[in-house]
Participant: 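Before we start, here is the structure in question, set down as structure tokens.
Atoms within each ligand, like the ligands themselves, are counted from 1 in listed order.
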Amino acid sequence: MSNQAIESLKRGTGCELRFDDLSRTLYATDASIYQVQPLGVAFPRSAVEAASVIRAAGEAGVSIVPRGAGTGLAGGAVGEGLILELARYTRHITDLNLEARTVRVGAGVVLDQLNAFLRSHGYWFGPDVATSSRATLGGMIANNSSGARSPCYGTTIDHVRELEIVLADGTIATVGQNRDELADKRSAIDRLVERQADEIRRRLPEGLHKRWPGYGLDFYLRRKGDLTRIIGGSEGTLAGICGAVLDIVPVPKNVGSESCSSRR
Ligand SMILES: Cc1cc2nc3c(=O)[nH]c(=O)nc-3n(C[C@H](O)[C@H](O)[C@H](O)COP(=O)(O)OP(=O)(O)OC[C@H]3O[C@@H](n4cnc5c(N)ncnc54)[C@H](O)[C@@H]3O)c2cc1C
């Protein structure tokens, strides 16, 4: 990327951006074995800032790598393009609704931070990834993470109601079961999963408690029109996740001795 393009990115987006060697080196690694020096790092404070960075990078032909805490083991958070660092500023927790059992989080909220907030109300977030002191909800959704209690609570995407996302062209959208945005994308995916329905059911049968990330074609097949199901596990390749509305579950009275049946 030319210096001129970097200057116009800095001027045009209103987003905090770093192109110095120290920042690029710090973001060249994650918890994987890989090391790739990125072009720079962007620290958006909102979906609007993320959208302006993604749009400007697209126009300059630069790829975007969304990133949370960088605890992923497969190198998904490193790359040559511009790192979209969503862990630093998008850490707000709002709209707790105990009746509906939901809460709204920014992508950068860390799992332990969320559970510390929810516990005083008698709730927690079900999936218990082992890196809970670092992992962000954005990274957990993008990796469809889960932990030792996945037979009880399933995986992260089982607990996602809505996502605020930014697409590669800078479009900001809210997607979920009863949302009607991105109709063209939904019909394209409908056609795809319908065509491959038998194969998807054969390879990813219902009742699989825990599986690795990957496009949630099986989840989408069971909940057509809900784009959260396809974005969960997509490792930042379909959209940047800026925020989410999540389901919460009551903290059990005892851990390890209760039935799992009603917790999802
Ligand atoms: C010691 C150790 C133990 C672990 N234990 C578990 C475990 O029990 N269960 C488990 O599932 N995983 C586990 N992991 C893997 C990892 O911690 C989890 O997948 C975690 O949820 C990743 O969150 P993160 O914020 O660090 O994401 P990152 O590592 O930053 O990113 C992971 C992927 O998500 C994408 N991404 C991140 N944020 C966003 C966003 N806002 N929008 C779009 N895409 C985004 C990135 O591009 C990347 O592809 C473990 C890792 C370590 C090192």
Side-chain angles (χ1 to χ4, degrees), residues 26-36 38 41-47 49-51 53-54 57 63-92 105-115 125-160 162-168 172-175 208-216 227-228 230-244 246:
L26 287 173
Y27 284 89
T29 53
D30 60 3
S32 73
I33 57 170
Y34 303 108
Q35 180 167 2
V36 183
V41 191
F43 301 91
R45 290 173 187 269
S46 64
E49 281 193 8
V53 167
I54 290 174
S63 62
I64 287 282
V65 184
R67 179 173 173 125
T71 68
L73 294 161
V78 295
E80 284 175 353
L82 190 66
I83 304 289
L84 190 73
E85 211 268 32
L86 286 144
R88 179 168 292 186
Y89 293 121
T90 57
R91 302 185 78 152
H92 37 277
V105 294
V109 169
V110 171
L111 180 58
D112 278 0
Q113 175 199 352
L114 176 62
N115 282 336
F125 185 68
D128 55 340
V129 61
T131 44
S132 62
S133 65
R134 300 287 182 281
T136 63
L137 266 304
M140 287 178 66
I141 294 164
N143 266 4
N144 194 19
S145 298
S146 56
R149 298 187 181 90
S150 65
C152 276
Y153 294 112
T155 59
T156 297
I157 201 61
D158 294 322
H159 301 260
V160 172
E162 278 182 16
L163 289 176
E164 184 186 27
I165 56 168
V166 182
L167 301 184
I172 300 174
T174 302
V175 296
L208 216 55
H209 284 307
K210 183 172 166 73
R211 64 173 176 80
W212 291 106
Y215 298 128
L227 289 176
T228 64
I230 209 100
I231 292 165
S234 66
E235 300 181 270
T237 58
L238 296 180
I241 299 161
C242 293
L246 305 173

Participant: Considering only the protein, which heavy-atom contact is closest to atom 29 (O) of ligand 1, and what is its distance?
Facilitator: Gly72 N, 2.7 Å

Participant: Would you mind checking which non-hydrogen protein atom is closest to atom 41 (N) of ligand 1, with the distance to 0.1 Å?
Facilitator: Ile241 O, 2.9 Å

Participant: Which bit of Ala239 is near ligand 1, meaning a heavy atom under 4.0 Å away: side chain, backbone, both or neither?
Facilitator: backbone

Participant: Distance to 0.1 Å, residue and atom name: give those for the protein heavy atom nearest to atom 21 (O) of ligand 1.
Facilitator: Ser145 OG, 2.7 Å

Participant: Considering non-hydrogen atoms of the protein only, which is the closest contact for atom 27 (O) of ligand 1, and what is the distance?
Facilitator: Gly139 CA, 3.5 Å

Participant: Would you mind telling me if ligand 1 is within reach of the side chain of Leu86, the backbone, both or neither, using heavy atoms under 4.0 Å?
Facilitator: side chain

Participant: Does the N or O separation between Gly147 and ligand 1 drop below 3.5 Å for any pair?
Facilitator: no

Participant: For Arg91, does the CZ atom sit with more than 12 other heavy atoms under 6.0 Å from it, leaving out its own atoms?
Facilitator: yes

Participant: So, is Leu73 polar-close to ligand 1, with some N/O to N/O distance under 3.5 Å?
Facilitator: no

Participant: Can you report which non-hydrogen protein atom sits closest to atom 5 (N) of ligand 1, along with the distance?
Facilitator: Ala130 CB, 3.4 Å

Participant: With atoms numbered from 1 as shown, which atoms in ligand 1 lie under 4.0 angstrom from a non-hydrogen atom of Thr131?
Facilitator: 2 (C), 3 (C), 4 (C), 16 (C), 17 (O), 50 (C), 51 (C), 52 (C)

Participant: Is the closest heavy-atom distance from Asp30 to ligand 1 below 4.0 Å?
Facilitator: no

Participant: Under 4.0 Å from ligand 1, counting heavy atoms only, is it the side chain of Ser146, its backbone, both or neither?
Facilitator: backbone

Participant: Within this structure, what is the CD1-CD1 distance for the pair Ile165 and Ile172, rounded to the nearest 0.5 Å?
Facilitator: 10.5 Å

Participant: Indicate, as side chain, backbone, both or neither, the part of Ala107 found under 4.0 angstrom from ligand 1 when only non-hydrogen atoms are considered.
Facilitator: side chain

Participant: Within ligand 1, which atoms have a heavy atom of Ala142 less than 4.0 Å away?
Facilitator: 34 (O), 35 (C), 36 (N), 44 (N), 45 (C)

Participant: For atom 24 (P) of ligand 1, which protein heavy atom lies nearest, and how many Å away is it?
Facilitator: Ala69 N, 3.5 Å

Participant: For Ser133 and Asp112, which I'm curious about, is there any donor-acceptor pair between the side chains at under 3.5 Å?
Facilitator: no

Participant: If hydrogens are left out, which of Pro66, Ala77, Ala244 has an atom nearest to atom 46 (C) of ligand 1, that is, the closest non-hydrogen atom?
Facilitator: Pro66

Participant: List every atom of ligand 1 that sits less than 4.0 Å from any heavy atom of Gly138, numbering the atoms from 1 in the order shown and giving each element.
Facilitator: 38 (N), 39 (C), 41 (N)

Participant: For residues Val109 and His92, report the shortest heavy-atom separation together with the two atoms involved.
Facilitator: CG2-O, 3.5 Å

Participant: Say you draw a straight line from CG of Asp158 to CG of Leu246; how long is it, rounded to the nearest 0.5 Å?
Facilitator: 12.0 Å

Participant: Can you find an N or O of Val129 that's nearer than 3.5 Å to an N or O of ligand 1?
Facilitator: no

Participant: Could you tell me the separation between the CD1 atom of Ile141 and the CD atom of Glu235, rounded to the nearest 0.5 Å?
Facilitator: 14.0 Å

Participant: Provide, to 0.1 Å, the distance between atom 20 (C) of ligand 1 and the closest protein heavy atom, together with that atom's residue and name.
Facilitator: Thr71 OG1, 3.5 Å

Participant: Distance-only, no hydrogens or angles: does the Thr90 side chain make a donor-acceptor pair with backbone N or O of Gly108 under 3.5 Å?
Facilitator: yes

Participant: Which ligand 1 atoms does Gly236 reach within 4.0 Å, using its non-hydrogen atoms?
Facilitator: 43 (C), 44 (N)

Participant: With side chains defined as the heavy atoms from C-beta onward, is the minimum distance between Cys242 and Leu86 less than 4.5 Å?
Facilitator: yes

Participant: For atom 33 (C) of ligand 1, what is the nearest protein heavy atom, given as residue, atom name and distance?
Facilitator: Asn143 OD1, 3.4 Å

Participant: Measuring from Asn143:CG to Ile157:CD1, what's the distance to the nearest 0.5 Å?
Facilitator: 11.5 Å

Participant: How long is the gap from OG1 on Thr136 to CD on Gln113, to the nearest 0.5 Å?
Facilitator: 10.5 Å

Participant: Could you grab the distance from atom CG of Leu238 to atom CG of Leu163, nearest 0.5 Å is fine?
Facilitator: 11.5 Å

Participant: Taking all non-hydrogen atoms of both residues into account, name the closest pair between Phe43 and Tyr89 and its distance.
Facilitator: O-CD1, 3.5 Å

Participant: Return a yes/no value for Gly240: is any of its N or O atoms, backbone included, closer than 3.5 angstrom to an N or O of ligand 1?
Facilitator: no

Participant: Which heavy atom in Thr156 sits nearest to a heavy atom in Ser145, and how many Å separate them?
Facilitator: OG1-O, 2.7 Å

